[in-house]
Amino acid sequence: MHAPIKYAEKALAIAAEGAWQVFSRVNKVSQNPSFIPRWSEKPLLKSYQKTKPPLGWPRETDSLCPTCVREARQAILDGTKPLESLLNEKVGEIKATILEKDGKIVMVKDCPVHGHFEDTMAIDTAFFKHLEEVFPGRDIQAHNDEKLHNHGSSTVKYGRGSVLTVDLTNRCNMMCDPCFMDANQVGFVHELSWEDIKTVLDNAITIKPRRQMSVQFSGGEPTLSPYFLDAVRYARKVGYNSVQAATNGIEFAKSLDFAKAAAEAGLRYAYLQFDGIGNAANSHRRVGNLFDVKLRAIENLHAAGVDIVPVITIVNGVNNEQVGRVVEFALDNPKKISLLSFQPVSFTGRDEEVTPERRAAQRYTLSHLAHDVKNQVGIGEPVRDWFPISFMSTFTDWADLVHGPDREWGQLTCGCHPNCGIGMAVMIDKETKESVPVTAFLKADQLAKDVADVNDAARGKWGSIIGMSLALMRNYDPFQAPTHFRIKDLIKKFDKTFGASGKDYGKVDPNRKISDVERRRADRWNFLFIAGMWFQDLFNYDFRRTEMCIIPYATQQGEISFCAYNTGIGWRNIIEKMHMTATLTKWYDEHGRHEIFAGNKSVPLSTTEHSLKLNAQAVAAGAQTDLDKLGIAKNAREEQLAARKAAKEPTPEETRHHTEMEKLYRQHVLKEEAQPVIQIQGLGGKKKSIQPTVN
């Protein structure tokens, strides 16, 4: 039986419905024009002015031939093809078709030289259709960006993004699969100097619209950079409120003092590599006690005032059964975990030359994620409760209106392609642990349409706040909400997120202190956001996604889409080679070796104690063995070993490459006796052949 307050709230929702009808009619009369804010040189977009890429199916798009790309990239690295070809030619580009086949959404494409390629985009056509139908449209077109966005077909064209990624170093203290950047095995070090770091951050605030992005320091392992703390401090100084580190957590687990120093410098979020519950679930990373490391990192970071976002790279057959266990972990620990980021595997870096058999077996899509959460945890209806993360841009548009034209920064907005990322919000009672998807008690589709109407009228701060309040109340079902949840809690959550009323819930600006963190954490309700971000690889590449990227890399050659940098034509390989700091051997001669945890070596921890609630059965479960039963390799290393066994006689080039990789691995990872100095892929002599600069 429902409490009396629930019936009172239902009456309020009915009254709000009537008030909305009056408000809506008035709102459509003599609507105000959009203003041009300080952070943009173009006006805010009304909902009907937003453009969209081609959606639905079948549809044609621009993609890449995986083999042509690898050949062209190597030619650029070897100096036989000019870098300018990436700006002036459509290198490796072919047409692709997205269509329905056998109840799935697939991408098919044919290269006249290298033949047919096919890959799965979604296993649920209704889910795929839903994501595209509720996509609200692109952000303001990027401007004042010519010097930083000049990368030919790979150029970012819309918005300012939501996360600016800065790779401080390509060095890492792990060597695991999968890895975007093939860390510790490329034969050289690429590490930003202090001047490089300041330059890329200074450049970032020149682009319009100037939105309040998160700055994420990454790598390799960013904590290995001698400038890590200085970089965090400088990012806060130039105005970024949300500074993050994409980290394996080793340094934070080893030292509470280091976690505190990072928090004092301004670190707000740690995006923590977290592949599952228990050491067995993380065994494919080849660190003996990796789960213990994660738990200690969470303890130290939380104590220091840094929020933790577990980042789960999902590989089908390797750890997809961990989806439910990780969600349950977050539900059991709502005071410490408020966001999960699942990242379906992208076959790039170490895995770029994956065999078709392993790719088909390991492919995992966003639709897989939505169904696994439902099937493994019993939470979330895929079409009702999951939305593209760009769905939130309607609400950030509202916040931009409420904050007015004089703000120095626009709101963070996720205006990416609907095929890029998804999310589901779950409201959790921190005291009782009761959890309910927000869209079970809030009609999200209709709410977004109502808020878009409010935005289009542009009635100023209080007119927009009244409109949002009525929209929330009329779309709210108190009987489906958590037992102790109230409509006032919902309105407070929106206000706390977007800072509309100006009430102080705890600062998030550069003056943020631990007391502000504690005030924000005191909220009884945890708005757990379960996100899925699917980065492209050469087999499903779509330039319509690249040009809308919200996670650009800030590099010495401008700002480049996440997917264009790590996959696509492979800007990472080219830029890091162009701006190579030193060969690996020279670096170790001058700086010494940093410790690398591989080969099941354990990280030394002063203690493994923690206060997190764990499911003992999940912790004790063994590693997933699906691929073993199918006789399919789990990663590139296993695949290469199997190929060598199957081949009667390797080619001289294959033998040389394998020998050199083994020498590097044994010398610099396992720290066996030093081997003769070697060069890989033309390092040294051929480096000078790459000279052109992208403005």
Which ring-ring contact (aromatic ring centres under 6.0 Å, His included) pairs, counting each pair once, include a residue from residues 22-41, with sequence neighbours left out?
->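 Qualifying pairs: Trp20-Phe23.
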Counting C-beta onward and ignoring hydrogens, is there a side-chain heavy-atom pair between [X] and [Y] closer than 4.5 Å?
{"X": "Pro310", "Y": "Leu340", "result": "yes"}
{"X": "Asp307", "Y": "Arg521", "result": "yes"}
{"X": "Phe441", "Y": "Val436", "result": "yes"}

**Rounded distance (nearest 0.5 Å) linking atom CG of Asp456 with atom CG of Asn27** =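 It is 9.0 Å, given to the nearest 0.5 Å.
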[X]: what forms a salt bridge (Lys or Arg N to Asp or Glu O under 4.0 Å) with it, not counting sequence neighbours?
{"X": "Arg210", "answer": "Glu408"}
{"X": "Lys443", "answer": "none"}
{"X": "Arg544", "answer": "Asp62, Glu547"}
{"X": "Asp523", "answer": "Lys493, Lys496"}

For residues 411-418, which side-chain donor-acceptor pairs fall under 3.5 Å, sequence neighbours excluded?
{"unit_1": "Gln411", "atom_1": "NE2", "unit_2": "His403", "atom_2": "NE2", "d": "3.4"}
{"unit_1": "Thr413", "atom_1": "OG1", "unit_2": "Thr396", "atom_2": "OG1", "d": "3.0"}
{"unit_1": "His417", "atom_1": "ND1", "unit_2": "Asn419", "atom_2": "N", "d": "3.0"}

Can you list everything that forms a side chain to side chain contact (heavy atoms under 4.5 Å, CB included) with [X]? Sequence neighbours excluded, please.
{"X": "Ala270", "value": "Thr247, Leu301, Val306"}
{"X": "Asn615", "value": "Glu328, Gln617, Ala618"}
{"X": "Val156", "value": "His149, Cys549, Ser561"}
{"X": "Ala452", "value": "Ser47, Thr394"}

Testing Thr313, Asn320, Asp372 one by one against Tyr364 for a side chain to side chain donor-acceptor pair (under 3.5 Å), which residue passes?
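Single pass found, and it is Asp372.
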* Given side-chain contact (heavy atoms from CB on, under 4.5 Å), test Met121 with Asn540 step by step and report yes or no. => CA-CA 8 Å; Met121 301 287 291; Asn540 55 30; 3.9 Å; yes
Qualifying salt bridge (charged side-chain N to carboxylate O under 4.0 Å, His left out) pairs, either residue in residues 27-41, two or more places apart |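 Every salt bridge (charged side-chain N to carboxylate O under 4.0 Å, His left out) pair that includes a residue of residues 27-41, provided the two are not neighbours, is Glu41-Lys208.
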Q | Partners meeting ring pair (Phe, Tyr, Trp, His ring centres under 6.0 Å) with His371 (sequence neighbours left out) | A |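 For His371, no residue satisfies ring pair (Phe, Tyr, Trp, His ring centres under 6.0 Å) once neighbours in sequence are set aside.
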